[in-house]
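Data first, discussion second: the structure below is written as structure tokens.
Everything numeric here is computed off the predicted structure, so don't read it as measured data. Numbering of residues begins at 1 and proceeds along the displayed sequence.
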Amino acid sequence: MFKSLKAFIACVLGLVLVFQCYAYGNILFWRAFAPESTSFMRTRALQYSDEPVKYDWVSYGNISNNLKQAVIASEDAAFTNHDGFDWRGIENAMKRNQRAGEIKAGGSTISQQLAKNLFLWEGKSYVRKAEEAAITLMMEATTDKERIFEIYLNVIEWGNGLFGIEAAARKYFHVHASQLSPYQAAYLAAMVTNPRFYQTHRQNRHLLFKTNLILQRMGSADLPAAN
């Protein structure tokens with residue numbers, strides 16, 4: 001019995017180590033090359049097999065600064081200053097979870113969101129959060145902020161089968177990512193938290209309220225320094 005338990009634990013630890021090596025290797029590769037797909041894209045493709053995936057990579061310099069400022073203002077105001085984790089946000093999220101008696105908030109930064117989208121699965125659990133933290137540490141240690149942000153803007157979901165800012169800009173405003181106005185950028189940033197719902201509820205009151213709030217805040221958002 002004891003030997004079987006030791007073998008099981010060794011097997012689990014081995015699988016964890018293999019996955020970490022897989023993630024680390026991909027992170028290093030993606031410092032220079034665009035991901036062909038992500039774990040989240042593949043999950044969505046299985047869920048909505050009748051909806052083709054639209055994913056058009058665009059370089060960081062060809063993304064409107066309006067959009068960059070809007071997303072930082074909306075998702076992670078301290079992005080340029082933290083080490084991958086917003087400790088104050090995590091503390092607040094833990095307090096909300098304790099009050100709710102379940103995991104409702106995670107306090108995730110842009111780096112953490114990207115780690116999840118690239119490698120992990122949907123759902124809220126402490127196991128997934130621990131793996132997300134490990135990948136975030138690897139990414140922050142090896143990849144500069146501008147590249148992290150560039151990948152993030154190119155792979156996050158903006159609707160059913162719709163990934164990345166270029167596909168989103170064309171879908172919703174019929175312009176390229178480089179041409180987004182401040183309002184358009186704020187609107188798209190406001191969609192990030194629930195893109196599939198907002199895709200079919202374009203005049204939702206909360207969406208429009210959040211758009212205007214982001215518009216007010218985006219001017220003070222700090223962008224990653226150019227390398």
Side-chain angles (χ1 to χ4, degrees), residues 30 34-38 40-41 44-45 48 51-82 86 89 108-118 144-227:
W30 290 334
E36 291 187 4
S37 66
T38 69
F40 194 74
M41 287 181 195
R44 283 287 189 251
Y48 304 99
E51 188 75 36
V53 170
K54 299 181 181 66
Y55 167 50
D56 300 307
W57 181 274
V58 61
S59 66
Y60 189 78
N62 287 319
I63 299 174
S64 166
N65 280 345
N66 293 322
L67 189 280
K68 297 169 188 172
Q69 291 177 311
V71 170
I72 287 178
S74 174
E75 295 298 303
D76 188 0
F79 175 65
T80 58
N81 299 315
H82 62 57
D86 179 358
S108 294
T109 62
I110 283 174
S111 300
Q112 289 174 276
Q113 291 179 47
L114 179 58
K116 181 186 73 173
N117 286 349
L118 288 173
D144 63 71
K145 289 283 190 178
E146 184 177 291
R147 182 60 175 176
I148 290 173
F149 198 31
E150 179 181 28
I151 297 174
Y152 176 85
L153 294 176
N154 273 287
V155 302
I156 57 173
E157 184 181 40
W158 256 294
N160 285 333
L162 199 66
F163 294 91
I165 187 54
E166 180 67 13
R170 291 185 184 185
K171 168 71 176 180
Y172 296 113
F173 296 111
H174 311 292
V175 299
H176 292 290
S178 61
Q179 300 170 317
L180 289 164
S181 70
Y183 181 84
Q184 292 169 341
Y187 186 94
L188 290 176
M191 292 183 68
V192 167
T193 54
N194 200 356
R196 288 178 295 147
F197 174 79
Y198 291 136
Q199 183 179 20
T200 54
H201 297 79
R202 298 284 302 278
Q203 298 302 312
N204 176 269
R205 181 186 302 178
H206 180 71
L207 174 62
L208 298 179
F209 173 80
K210 189 174 180 182
T211 297
N212 287 320
L213 188 62
I214 293 170
L215 264 174
Q216 296 172 27
R217 295 177 176 176
M218 57 193 280
S220 59
D222 293 328
L223 298 182
N227 296 312

Report task. Quick one: which residue pairs count as a ring pair (Phe, Tyr, Trp, His ring centres under 6.0 Å) with a foot in residues 144-165, not counting sequence neighbours? Result ->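 Every ring pair (Phe, Tyr, Trp, His ring centres under 6.0 Å) pair that includes a residue of residues 144-165, provided the two are not neighbours, is Phe79-Phe149.
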
Side-chain contact test, heavy atoms from C-beta onward, threshold under 4.5 Å: evaluate it for [X] versus [Y] and give yes or no.
{"X": "Ile72", "Y": "Pro224", "value": "yes"}
{"X": "Val58", "Y": "Asn154", "value": "yes"}
{"X": "Lys145", "Y": "Thr80", "value": "no"}
{"X": "Thr38", "Y": "Tyr55", "value": "no"}

For [X] against [Y], the heavy-atom pair lying closest together:
{"X": "Ala185", "Y": "Ala70", "result": "O-CB, 3.6 Å"}
{"X": "Trp57", "Y": "Pro35", "result": "CZ3-CD, 3.6 Å"}
{"X": "Gly159", "Y": "Pro195", "result": "N-CB, 3.6 Å"}
{"X": "Met218", "Y": "Ala73", "result": "CA-CB, 3.8 Å"}
{"X": "Leu180", "Y": "Asn66", "result": "O-ND2, 3.0 Å"}

Query - From Gln184, Arg170, Glu166, residue fulfilling side chain to side chain contact (heavy atoms under 4.5 Å, CB included) relative to Val175 - result: Gln184

Query raised in the report: How would you list all residue pairs meeting salt bridge (Lys or Arg N to Asp or Glu O under 4.0 Å) that involve residues 175-198, not counting sequence neighbours?
Result: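 Qualifying pairs: Glu157-Arg196.
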
Query raised in the report: Near Phe197 CZ, under 6.0 Å, is it more than 12 heavy atoms from other residues, nucleotides or ligands?
Result: yes

Requested in this report: Report the C-alpha distance between Val53 and Arg44 in whole Å, list the side-chain angles of each, state the deciding distance to 0.1 Å, and finish with yes or no for side-chain contact (heavy atoms from CB on, under 4.5 Å).
Outcome: CA-CA 9 Å; Val53 170; Arg44 283 287 189 251; 6.0 Å; no

Give, for atom [atom1] of [X] and atom [atom2] of [Y], the distance between the pair rounded to the nearest 0.5 Å.
{"X": "Ile165", "Y": "Leu67", "atom1": "CD1", "atom2": "CG", "value": "3.5 Å"}
{"X": "Gln113", "Y": "Thr193", "atom1": "CD", "atom2": "OG1", "value": "9.5 Å"}
{"X": "Ile110", "Y": "Ile156", "atom1": "CD1", "atom2": "CD1", "value": "8.0 Å"}
{"X": "Leu114", "Y": "Thr109", "atom1": "CG", "atom2": "OG1", "value": "9.5 Å"}

Query - Trace of the side-chain contact (heavy atoms from CB on, under 4.5 Å) decision for His176 with Asn62 - result: CA-CA 9 Å; His176 292 290; Asn62 287 319; over 6 Å; no

**Report entry** Side-chain donor or acceptor of Glu150 paired with backbone N/O of Tyr60 under 3.5 Å
**Finding:**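 Here the side-chain-to-backbone pair exists.
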
Report task. Apply side-chain contact (heavy atoms from CB on, under 4.5 Å) to Lys54 and Lys171, showing your working. Result -> CA-CA 10 Å; Lys54 299 181 181 66; Lys171 168 71 176 180; over 6 Å; no

Query raised in the report: So Ser64 and Gln179, side-chain contact (heavy atoms from CB on, under 4.5 Å) or not? Walk me through it.
Result: CA-CA 6 Å; Ser64 166; Gln179 300 170 317; over 6 Å; no

Requested in this report: Sorted by first residue and then second, give each side-chain hydrogen bond (donor to acceptor under 3.5 Å, both in side chains) pair with at least one member in residues 199-217; sequence neighbours left out.
Outcome: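 Sorted result for residues 199-217: Tyr187-Arg202.
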
